[in-house]
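See structure below.
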Amino acid sequence: MGYSKDQLLACLKELQIDFSQYEHPVVLTVEAQAKYVGNLGGALSKNLFLKDKKHRYYVVSALADTKVDLKVLSQRLGLGKGGLRMAPEEALGEILQVPLGCVTPFAVVNESARHVSLLLDQGFKNQECCFFHPLANDMSISLNAHGLDKFLKSIGRNPSYIDLEANPPVGKDQPPDLAAYVPSDSPVLPDLPEKAPSSQDSTGDSVGAATKTAAFTAKAVKPSGNAKNVKEKSADSARPSIPAADAGKFVEELLDRASALLLSEISEDSIKQHGGQLGAEVANNVKKCLREDLKNLATIFKNTAYTEGFYAGTRCQPKRL
Amino acid sequence: MEKIEDKNQQPEEEQVVNPWEVSAKDGGKIDYDKLIDKFGCQRLDQPFVDRVQRLTSRPPHVFLRRGVFFAHRDFNDILDAYERGEKFYLYTGRGPSSEALHLGHLIPFMFTKYLQDAFKVPLVIQLTDDEKCMWKNLSVEESQRLARENAKDIIACGFDISKTFIFSDFDYVGGAFYKNMVKVAKCVTYNKVVGIFGFTGEDHIGKVSFPPVQAVPSFPSSFPHLFSGKDYLRCLIPCAIDQDPYFRMTRDVAPRIGYHKPALIESLFFPALQGENGKMSASDPNSAIYVTDSAKDIKYKVNKHAFTGGQESIEKHRQYGANLEVDIPIKYLSFFLEDDAELEHIKKEYGAGRMLTGEVKKRLTEVLTELVERHRRARAAVTDEMVDAFMAVRPLPNMFD
């Protein structure tokens, strides 16, 4: 469930961020928005939701007048010349959880947008205030860059502003200057994860996890029937303590898989088919199907525990004689 | 006497197979029989596979059963020694040229993991960041970074940290390793290395002096922290057959410097989605399945880009059946579908025209998705600290357990 406009506004108030809000009919473009709030003194923003060839997403938020050249941006990010495209409509709902025409830097408050890279126009800093949609297009809020920063920091994001119009050369000896803004490949890369082996996650996308800010913890944890393991990469985490090999979680994972398989093996049909022999038959099948899987899980567990010990060993104080 | 291939004598229309180029004759298929003949290695036939099963008391890996690993040098010596109670160690590697790994890259690692588990032997994995820095003109930092990133995917294949040492050339070359490099280099003339690898006067000296780097991990004395006192220890190298030239050179040199020749077990090339004649290329994401592909991507790629041997219309297909020779889904299934009986059934039905291409593709999508998902989960559990631990120069006291 994505954040709603009211929830966002409540958060801004809680953080004591100065902003003004203006309601207006739904607008889908900057021109339309300008009709309602264009004369109120603040600068309008244009917001692009982009995607690269490796399914990484970016929100580019700029002053309406700033020229944004996708080809140049793509090169500066190190994606080659045609690496950036407008993201498909479905992604808007799935990842940013905002309607069409409503791309806004505030959308990164959603868990689903955890790995979306946010690129902000340095032009915002020179403005008294700028207009953005607060997760809905029937309202615009205006606040200054300082306020935006405060909000972003509160959700664990490190706001940084770049010169979107710059066109530095990118080549053999000049690495792409914005390469650091490319989200890391695998969306489920842990920085401070629980080290038990990952649970069955059919979607493959990262599910909610504990975030840092108190204001959002209520929203963060998304439990499910299975002990879903939660691995997350926080945007600006300090180096955390070394992840632990958790025997309890490991065993739960094994038991979950075994019981899932058992349940699938025992049905009316299989009871009819095997009768008294069903026990032996199921036992055999379970062993056959799970052997490799469980060995792999055990190896991951072993490697994690070893790493823990190794790390401790490298910081071990010599024995006092 | 083993044949050392003389690249300069190759007539133009012949297929080209070396570490930097693989192309078939006339854009057709690679002729593996010719390759075995030309390189001078041996076929890995069924008696071998049975013997492996006997010695390891477990079913042989799917790649052995399906002839993916199909050629070898001295693998029988390794098995003989193993039967006598003499162990060996494994050596494989990766040239970290890109971050995006596809299934073809994983194949030698999947097989090596099986060998490690089945024979209970240690493994060294070389990341040739220096080679990629030289050949692909990457910066030193970038190639080192890619090496670490690739290490994570390699670790995700399930290697046992108490029996595995991963190293990058930039980190590890020096000491005993370098001493062996010099010993090897002294035994290979400039003319010979030009003959084997096709270097020209325009190639920089980095390239010319690289081959010993890939050769010396075959010698246990290159790893004094692991194999000190075990100079007799044999080495088995699982790799794709295009790496053969490095190890032909190594095997030629080994007896001259008092070491065992390393044994090799070699695989076919993994075909591109577009077919045997296509090239898997990093710039065409639709030519291969990547380990970062989502279930949706896999479904799309298999459905839209896999080259099939099905007929143009359903009627024709039911009449003539599919051409299994060129059908990519069938080829991919033979790599990754564990169940022999199921594969046979699919081949029979599809070849007779009773099963349609769509069904085969659907099954392939399931198999690949499961594989990629499993890999992704394992990858998620790999941290930078784990990479550091795998790459630390440390003893492995339980490496033969």
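As the structure is a computational prediction, the values presented were derived from the model and not from experiment. So that the names make sense, note that chain A is the first sequence line, chain B the second, and so on, each numbered from 1.
Using the six-membered ring where Trp is involved, B:Phe227 and B:Phe223 have ring planes that are perpendicular, over 60° apart on the 30 and 60° scheme.
Of the atoms belonging to B:Asp297, it is side-chain heavy atoms, and not backbone ones, that fall under 4.5 Å from chain A. With a 4.5 Å cut-off on non-hydrogen atoms, A:Asn303 touches chain B through its backbone and its side chain both. Interface remark: B:Ser162 contributes backbone and side-chain atoms alike to the contact with chain A (heavy atom separation under 4.5 Å). Only the side chain of B:Phe390 comes within less than 4.5 Å of a heavy atom of chain A; its backbone N, CA, C and O stay farther away.
You'll find the side chain of A:Thr307 stays beyond 4.5 Å of the side chain of A:Thr304, heavy atoms only.
Annotation: cation-pi pair B:Arg66/B:Phe63 absent, no NZ/CZ under 6.0 Å from the ring centroid and within 45° of its normal.
At a cut-off of 3.5 Å, with distance as the only test, a side-chain donor of B:Gln116 or B:Thr164 sits close to an acceptor on the other residue.
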